[in-house]
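Notes for the one structure printed next.
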There are 2 protein chains.
Amino acid sequence: MRKKPTQQRARILVDSLIDAAGEVVARDGLEALTTVRVAARAGVSVGSLYQYFDNKNTLVAALMDRVNGDLIAAVNRVAPQNIGTDPQAFARALLEAAFEVFEARQGLARELMRHWHRLDIARGLHRFEQHMLDLLRGYALAQLREHPVDPSPARAFILINSVVFTLLRYLSQPTPPLFTREQLIDELAAMAARLITAPR
Amino acid sequence: MRKKPTQQRARILVDSLIDAAGEVVARDGLEALTTVRVAARAGVSVGSLYQYFDNKNTLVAALMDRVNGDLIAAVNRVAPQNIGTDPQAFARALLEAAFEVFEARQGLARELMRHWHRLDIARGLHRFEQHMLDLLRGYALAQLREHPVDPSPARAFILINSVVFTLLRYLSQPTPPLFTREQLIDELAAMAARLITAPR
DNA sequence: CCCTATTGCGAATGTTTATTCGCATTCAAT
DNA sequence: ATTGAATGCGAATAAACATTCGCAATAGGG
């Protein structure tokens, strides 16, 4: 951020720019995100955008940060309530939460995640991955006796990426899918549970 | 393709354009693929490119077709030899084959697959998905007695996407990974086997 | 009320690229 | 050898955007 907003109106402006960016991405995709359009949608001028963001990527990064925050918040909300349940139920709860965030705001999170290879987005995904690893470790610790679980980096990596990208693909299908959302979640939860409880 | 090449030299030109496109993508990524650069690398002019491709996307689609063909060929080469083995060995063989293709040509297939959401690439991925579903059905049929397997669309979808995208992510990591390639393949093969043999 | 830092503006600039088109060259059939 | 079709050329065109910059408006402390 080139300059940090000190006045109230400036802070509002920055917020509304991020909001507008989210709206544009949700409606027409990340490719359609242009600085002029974002500014217009926020009801300000391009020049003002560059007052607070070094360049377009910084804006995208800020948007990603926000969406990532939503994702982590959603997961954090359900995890504590389910830390005492068996692995499949635990996985299911997290999955439902993630699913909801991916569908919220016309699929904003989904559209952003699609572009995980972009530098400004990759950081967010990595942070989310890290957070999920921590969560998994917490669960493993809580369930040491009842449901011994292996939170090795390899398994956590596989788990997170398998789930996230399968969800992404499912939600991005243009044609009506061959199976229901329920089926997908069931199978994914079962797979996750088997993965983390499988013997070494 | 605007016009189909009838003369020998034209067919060679088309081929060398696709080759060049692959080289550019492998070296500098899909973003760096410009028509002028491809033409230059192929030793021809942009005009000639447009003689045989309607637009840039058609060229990308042609490249994707070729890479997709490689992928399917690689899988077809190992599948018959392993159709009699247990699910984990079968999965492992296919995985190794896919891994190799993803690493070949400086990661050309990987770079293309990263952009699965692009229309010109999505078709290829979908065709590959379809092919893997067929393969899985063939395996299920061959192993009816020995290793009963469920090739339901939902499971096949999860299987393919989990494996492909986890591989992609693993191979795209900038930092040295926290676990070895062997570990990854082992875990993925085990996961795949558990997924398709799990009871309904 | 005054003054200066902050904020806001948006037309203009510069770059990057896909795509075209009129002309030149080569092929291959007769 | 002739000729029409196929091929090849690459400078020119046009559209899309990110980013800048000189100027205008506003805030809020003194």
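In what follows, chains carry the letters A, B, and so on, assigned in the order in which the sequence lines appear, proteins first and then strands, with residues in each chain numbered from 1.
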Does OP1 or OP2 of D:dA18 have a side-chain N or O of A:Thr35 closer than 4.0 Å? yes
Per atom distances to the A:Val46 side chain, the nearest of D:dG8, D:dT19, C:dT19 is D:dT19
Self-check item: Under-4.0 Å side-chain N/O to phosphate OP1/OP2 contact, B:Tyr52 with D:dT7
Solution: yes
Winner on side-chain proximity to A:Tyr50, out of C:dT20, D:dT19, C:dC27, is D:dT19
Exactly one candidate in B:Tyr170, B:Phe157, B:Trp116, B:Phe102 meets ring-ring contact (aromatic ring centres under 6.0 Å, His included) with B:Phe165; the answer is B:Trp116
Whichever of B:Arg9 and A:Gly47 has the more 5' nearest nucleotide on DNA chain C, that residue is A:Gly47
Side-chain atoms of B:Ser45 come closest, of D:dA6, D:dC9, C:dG8, to D:dC9
With respect to the phosphate group of C:dT7, does any side-chain polar atom (N or O) of A:Thr6 fall under 4.0 Å of OP1 or OP2?
yes
Next item on the list: Report which part of the nucleic acid A:Ile12 touches: base, sugar-phosphate, or nothing (heavy-atom distance under 4.0 Å, all strands).
Entry: nothing
A:Ala189 and A:Ala91 have their tightest heavy-atom pair at O-CB, 4.0 Å
Could you tell me whether B:Leu49 contacts a base, only the sugar-phosphate backbone, or nothing, with contacts defined as non-hydrogen atoms closer than 4.0 Å?
-> nothing
Taking C:dT19, D:dG8, C:dT17 as options, the one with an atom nearest any side-chain atom of B:Thr34 is C:dT17
